[in-house]
Asks: 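This is the structure, below, for whatever I ask next.
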Number of protein chains: 2
Amino acid sequence: MRPERTIQDIVQEGGKYFMPSVSLDCVIFGFHENELKVLLLKMKNMDQWALPGGFIYKDEDIEDAATRVLRERTGLHDIFLQQFKVFGLPNRSDKKHHLNIMKKDGIKVGKDHWLIQRFITVGFYALVDFAVVIPEPDMNSVSCEWHEIHSISELFMDHKDILDNALETLRLQLNHQPIGYNLLPQKFTMPELQKLYETILDKKLDRRNFQRRMNGFGFVKRLKETRKGGAHKAPFLYNFDLRKYKKALQEGLQGGW
Amino acid sequence: MRPERTIQDIVQEGGKYFMPSVSLDCVIFGFHENELKVLLLKMKNMDQWALPGGFIYKDEDIEDAATRVLRERTGLHDIFLQQFKVFGLPNRSDKKHHLNIMKKDGIKVGKDHWLIQRFITVGFYALVDFAVVIPEPDMNSVSCEWHEIHSISELFMDHKDILDNALETLRLQLNHQPIGYNLLPQKFTMPELQKLYETILDKKLDRRNFQRRMNGFGFVKRLKETRKGGAHKAPFLYNFDLRKYKKALQEGLQGGW
DNA sequence: CATTCATTGCGTCTATATGACACAATGATA
DNA sequence: TATCATTGTGTCATATAGACGCAATGAATG
C-alpha cells in the first residue's frame with residue numbers, strides 16, 4: 001500500500017519517489033442506460049475535463065500503478081485493464097499551463113522542476129461495471145463524473161486523442177478481449193449486449209442475427225428470469241459462462257461484425 | 001539529423017540530452033528463403049544477443065527515435081514500424097550487468113548514474129524487405145545478423161519476451177496491417193505469400209483455398225511473368241495493388257485463418 | 001528426347017455461416 | 001380488452017469455408 005500524499009508533497013518531493021518523465025492515463029469505460037460512458041475529472045480552477053491519471057513510483061510496476069489510480073477513482077479493486085499505447089510527442093504537455101496551475105495553488109517551481117519536464121504517458125483502458133463504481137475526484141480535480149462517449153468533444157492536453165485511440169482499440173479487440181463481460185452487470189439482456197456492440201462498433205446490427213450468432217458462440221447462458229419493468233415484452237436475462245467465454249476469446253471470435 | 005555519439009559521450013553526457021528512464025527496442029522482421037527472420041545484435045564481451053534499441057532525445061518524438069534506430073541498423077529510411085507495448089517491470093534491467101559492461105569498457109559510473117536507473121522500454125516492431133537491408137552493429141555490439149524466428153531461445157534481459165509479444169501482435173494484426181506488403185519484395189509468388197502467412201500464424205493452410213481467398217480480396221495482381229529457376233513448375237509472380245490493399249485493411253480483412 | 005515427379009493452377013462439391021425478412025408471443029399501457 | 005413496440009423463433013436465398021480431384025508445368029533423369 002502506497003502512502004497518501006498531499007499535492008504539496010508531490011510537487012516538492014515527487015521527483016524523489018516517482019519515475020521521471022513517465023505518467024499514465026486511464027480511459028475508464030462503463031455502460032449505463034444503453035450508453036457507453038467514460039469517467040472524467042473536472043480540473044480545479046479550469047473549465048476543462050481530463051482523464052484520470054497519475055505517476056509511477058520508482059519501484060512500482062506500471063500496471064500496478066494503473067491499478068492504484070483506478071482504485072482511487074472508482075473504489076474498485078479488481079479491474080480489467082489493458083495498456084494500449086504510449087503517447088510521446090515532445091510537445092504534448094503545455095508547460096506554461098502547468099506552471100500556471102501550480103502558481104494558482106501557491107506553489108513555486110523552478111525551470112528544471114520534475115513536473116515541467118517533458119512527459120510521455122502510457123495509455124490504459126479499463127472496463128468496469130458502471131453500477132458499482134463510486135467516482136472520486138483526485139487532488140487536482142473538483143469532480144469525477146461519467147460522460148457519454150459521443151458527447152465528449154474536447155479534453156485537457158492530448159486526452160481526447162488518447163480517448164479516441166482507446167475506443168478504436170476497444171473496437172479492434174472486441175473479438176479477443178472479454179469486453180462484454182467486464183462492461184455489463186452479471187445479468188444482462190440480449191438487447192443490452194447488442195447495444196453495447198453497436199455503440200463500440202458504431203454500427204447497427206440486425207437484432208435476430210445478432211442473437212442467433214451470440215447464442216451460437218455458446219458462452220452466454222439464458223436464465224429463467226426476465227427483465228420486467230420495461231414498457232414492452234420482458235426480455236430474458238443472460239449471464240456469461242466465463243470459462244467458455246475466455247476459451248472462445250483465446251482463439252478470437254470468428255467472423256466480423 | 002542527430003550527431004554521431006561515442007559510447008563515452010553517451011555514458012557520461014547522455015543524461016543531459018536523452019530522456020531519463022525511457023528507452024525503445026525494435027523487433028525488425030524480415031522474410032527470406034521462406035522463413036521469418038529477426039535482426040539481432042551480438043553484444044560486446046558477452047555471449048548474448050539483443051534487440052536493436054536506443055534512447056530518445058529530450059526533444060525527439062518516440063516514433064522518430066525508433067525510425068532513427070532502424071535507419072542506423074538497416075540503412076533504410078522508410079520503414080513500416082508500429083509501437084506495440086511498453087515493458088515496464090521494475091526489475092527488468094539487470095543493474096549489476098550494466099555496471100559490469102561499463103566496467104569492461106573502462107568507464108566508471110556512480111550509483112545514481114542515469115544509465116543504471118530503472119528503465120522502461122517502448123517496444124516497436126518493424127517490417128522490412130530483407131533483400132535491401134544492410135545490417136550494421138551499434139556501438140555496444142560486434143555483429144548484426146538475421147536469425148530465424150523459431151531458432152531464438154534466449155535473449156538479453158527481457159528481449160525474448162518483447163520478441164514473443166511482437167510476433168503475437170503480428171498475428172493479431174494480420175488482417176489490419178500491410179504485413180505482406182512490407183515483408184515481401186515487390187514481386188512475389190503465391191506460395192511465398194502463403195508461407196509468410198503460415199509462419200506468422202504458425203499453422204498450415206490449404207494451398208488452393210488460400211489462393212482463391214487471396215485473389216478474392218482483390219488487392220493482389222498477377223503479373224505475366226513467372227518465377228523460373230525453381231525445381232518445379234514456375235509459379236506466377238504477383239504484386240500488391242497498394243490502393244486496394246490499404247482500403248481493404250481499413251475495414252479489416254474479413255474472416256479468420 | 002521421352003519419362004518422372006513435385007509443384008502449380010483451376011475447378012468441384014458439401015457443410016456451414018451470413019444477411020434479409022416473416023410472424024407469433026409478450027407485457028405494459030391506454 | 002385492444003393497442004403497440006418489443007422480443008423470441010424460424011425461414012429462405014446466398015455467400016463462404018474447408019476438403020479434395022485433376023490436368024498443366026518445367027526441371028531433372030536416364
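Each chain gets a letter, A, B and so on, in the order its sequence line appears, and its residues count up from 1.
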Asks: Which residues satisfy the side-chain contact (heavy atoms from CB on, under 4.5 Å) test with A/K204, sequence neighbours excluded?
Replies: A/E198

Asks: With sequence neighbours left out, what residues match A/H147 under ring pair (Phe, Tyr, Trp, His ring centres under 6.0 Å)?
Replies: A/W49

Asks: Please name all residues satisfying ring pair (Phe, Tyr, Trp, His ring centres under 6.0 Å) with B/Y181, sequence neighbours left out, ordered by chain then number.
Replies: B/F240

Asks: Under the side-chain hydrogen bond (donor to acceptor under 3.5 Å, both in side chains) test against A/Y125, which residue among A/Q173, A/Q82, A/Q177, A/K85 passes?
Replies: A/Q173

Asks: Any chance you could list the contact pattern along nucleotides 16-30 of chain C? Use B for base contacts, S for sugar-phosphate-only contacts and - for none, protein heavy atoms under 4.0 Å, 5' to 3'.
Replies: --BBBBB--BBBS--

Asks: Applying side-chain contact (heavy atoms from CB on, under 4.5 Å), name anything that partners A/I134, two or more places apart in sequence or on another chain.
Replies: none

Asks: Contact class for B/R227 (heavy atom, under 4.0 Å): base, sugar-phosphate, or nothing?
Replies: nothing

Asks: Which pairs, with at least one residue in residues 170-184 of chain B and sequence neighbours excluded, count as a salt bridge (Lys or Arg N to Asp or Glu O under 4.0 Å)?
Replies: B/E168-B/R171

Asks: Who passes ring pair (Phe, Tyr, Trp, His ring centres under 6.0 Å) against A/F84, sequence neighbours left out?
Replies: none

Asks: What residues form a side-chain contact (heavy atoms from CB on, under 4.5 Å) with B/R222, not counting sequence neighbours?
Replies: B/F236, B/Y238

Asks: What is the distance, to the nearest angstrom, from the CD atom on B/Q211 to the C1' atom on C/dT7?
Replies: 11 Å

Asks: Can you sort out which residues in residues 186-205 of chain A have a heavy atom within less than 4.0 Å of DNA chain C? Ascending by number, please.
Replies: none

Asks: Going 5' to 3' along DNA chain D, between which two nucleotides do contacts with chain B fall, using a heavy-atom cut-off of 4.0 Å?
Replies: D/dA17 to D/dA27

Asks: With sequence neighbours left out, write down each residue that passes side chain to side chain donor-acceptor pair (under 3.5 Å) with A/N140, or none if nothing qualifies.
Replies: none

Asks: Can you name the salt bridge (charged side-chain N to carboxylate O under 4.0 Å, His left out) partners of B/K187, sequence neighbours left out?
Replies: B/E225

